[in-house]
Protein chains: 2
Amino acid sequence: MDRPVVPLGKPRAERADARRNRLRLLAVAREMMDDGGAASVTMDALAERAGLGKGTVFRRFGTRAGIFKALLEEEAHRFQELVLSGPPPLGPGAGPVERLTAYGRVRIAFLVDNLDVAQAAMEPGAGHPAAEVDLTLVHFRMLLGRADLGVRDPESLAVQLGAALEGPLLLYLSSSRTTEPPPAEAGRRLADAWQDLVERLFATAAD
Amino acid sequence: MDRPVVPLGKPRAERADARRNRLRLLAVAREMMDDGGAASVTMDALAERAGLGKGTVFRRFGTRAGIFKALLEEEAHRFQELVLSGPPPLGPGAGPVERLTAYGRVRIAFLVDNLDVAQAAMEPGAGHPAAEVDLTLVHFRMLLGRADLGVRDPESLAVQLGAALEGPLLLYLSSSRTTEPPPAEAGRRLADAWQDLVERLFATAAD
DNA sequence: AATATAAGCGGGGTAAAGTCCGTTTAGTTG
DNA sequence: CAACTAAACGGACTTTACCCCGCTTATATT
């Protein structure tokens, strides 16, 4: 629980062996997931299969969920680049409504693909809902600020939108997946609903 | 090898001892929460303090989260009555916008009060997001159906609204509560934002 | 190169969730 | 009321996440 807590200003670059092991662990984790699914990634097994001690695994990731968050964030980083400097409508150059709907579409596709990782990433009292969510929020705030709806509390609206996007996804991926609609179709439906919501919200501004 | 094969349709009422123990466990759990917070409610301790075996606890609630869900649902039942047949604006008699905002206000207050139980109720791969959430969805669907926005997929909108209401709450209650705004104020802010969102959504219909 | 030290490492230890299965009992049937 | 059966019970057992802390090593400093 105690974090090292270097007062501040001293990031103290990651040591070479630490970095090597971190990458190693992530690679092995991915490998194990491909084999036996997320459930098969136990801390002991991961440590052993990576040829490291259990303590090391925890030092690197803090918690089991931490591993999955890290996996997710690797991907998220690529995504972020697209959002910040890729081609429209996802990247800059399109209007807020287009960018928001595009964002939703891509994010939904992403989570539907990485369903089990996403699930595993939020199990315990994980606290922070992944830095990744924060990225979504930052982006939403930016877009909302730009589009001038006369909203009282843009910060809260960003959070609500984020929830409206992620919530249904989580609901979907937590429901029995055996008899449910196939992911592709569910994804399409979620994306359409998202577009509907965004357009409806912005319609009031266009009056 | 003879299979019992009760065809179906026979719920087989709860046995008297089972009922007694179920109520007992809930009472003791509440007691323990008042003492040492949600974290102090371990399955072993609960079993012992109730004078029962651990197996019994699991038979009754299936999972640790199950206990907290059960606690929450006890409350939710009272709430449901208010919604279905209480006085306006929460109960019938007011317009959809008023009812939705009232619903949000009360629900937020409820969750802010029961913060730790709510948190504890959603920890593991709990699967079903609590029957309670379903109640919210049923209600939202009803109100959305009544108010005739020309929405393509009312079902999805209900889910999104539910998420927009609950998501920010969860975010709030999972963030460090030591330095954050006091619950009362946070609650007010969430409620205002919720009202804003609902009014904005319905504005397009009122044109 | 020698030294100092913060960071990293390992793996046994603990606690708590959840499973198993043999025993007990409430409720039913003739 | 005696036999019967499905449900409930208990508690030992297993599996994991996560902690602790003495030992090792990379890296900065002189």
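Keep in mind that this is a model prediction, so the values were computed, not measured. For the numbers below, each heavy atom of this structure counts, side chains included, while hydrogens, waters and symmetry mates do not. To find a chain, count down the sequence lines: A is the first, B the second, and so on, and within it residues start at 1.
The environment of A:Glu48 atom CD is sparse: at most 12 non-hydrogen atoms of other residues, nucleotides or ligands sit within 6.0 angstrom. More than 12 heavy atoms of other residues, nucleotides or ligands shown are found within 6.0 angstrom of CZ on B:Arg49.
Between B:Phe79 and B:Phe110, the ring-plane angle classifies as parallel under the 30° and 60° cut-offs.
Partners of A:Ser156 according to the side-chain hydrogen bond (donor to acceptor under 3.5 Å, both in side chains) rule, which considers only residues two or more places apart in sequence or in another chain, are A:Asp153, B:Arg189. Under the rule for a side-chain hydrogen bond (donor to acceptor under 3.5 Å, both in side chains), the partners of B:Asp196 that lie at least two apart in sequence or sit in another chain are A:Arg152.
Judged by distance alone with a 3.5 Å cut-off, a donor-acceptor contact links the side chain of B:Arg15 to the base of D:dA7.
The closest donor-acceptor contact from the side chain of A:Arg24 to the backbone of A:Ala50 lies under 3.5 Å.
Contact annotation: A:Thr63 reaches the phosphate of D:dC18 (side-chain N/O to OP1 or OP2, under 4.0 Å). Look at A:Arg64 and you'll find a side-chain N or O under 4.0 angstrom from OP1 or OP2 of D:dA17. Between B:Thr56 and the phosphate of D:dG10, there is a side-chain N or O to OP1/OP2 separation shorter than 4.0 Å.
In this structure, A:Glu48 places its CD atom 18 Å from P of C:dC9, rounding to the nearest Å. Summarising the geometry, the separation between CZ on B:Arg24 and C1' on D:dC9 is reported as 15 Å, rounded to the nearest angstrom. For the pair A:Arg20 CZ and D:dT27 C1', the interatomic distance rounds to 14 Å; values are reported in whole Å. If you measure from atom CG of B:Leu46 to atom C1' of C:dA17, you get 13 Å, rounded to the nearest angstrom. With rounding to whole Å, B:Phe68 atom CZ is found 13 Å from C:dA17 atom C1'. B:Asp44 places its CG atom 14 Å from the P atom of C:dT19, with the value rounded to the nearest Å. Rounded to an integer number of Å, the gap from B:Asn21 CG to C:dA26 P is 11 Å. Distance CE (B:Met43) to P (D:dA17): 18 Å, rounded to an integer number of Å.
Summary of the strand contacts: A:Phe58 and B:Ala18 both lie near DNA chain D, and taking for each the nucleotide with the nearest heavy atom, the more 5' one is attributed to B:Ala18. In this structure, A:Arg60 and B:Val41 both approach DNA chain C, and ranking their closest nucleotides by distance from the 5' end singles out A:Arg60.
Side-chain atoms of A:Lys54 lie closest to C:dG12 of the nucleotides C:dG12, D:dT27, D:dG10. For B:Asp17, the side-chain atoms get nearest to D:dC9 when compared with the rest of C:dA7, D:dC9, D:dC18.
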Which atom pairs link the protein and nucleotides 1-3 of chain D when you take only N or O atoms and keep those under 3.5 Å?
none

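No side-chain heavy atom of B:Thr63 sits less than 4.5 Å from a side-chain heavy atom of B:Lys69.
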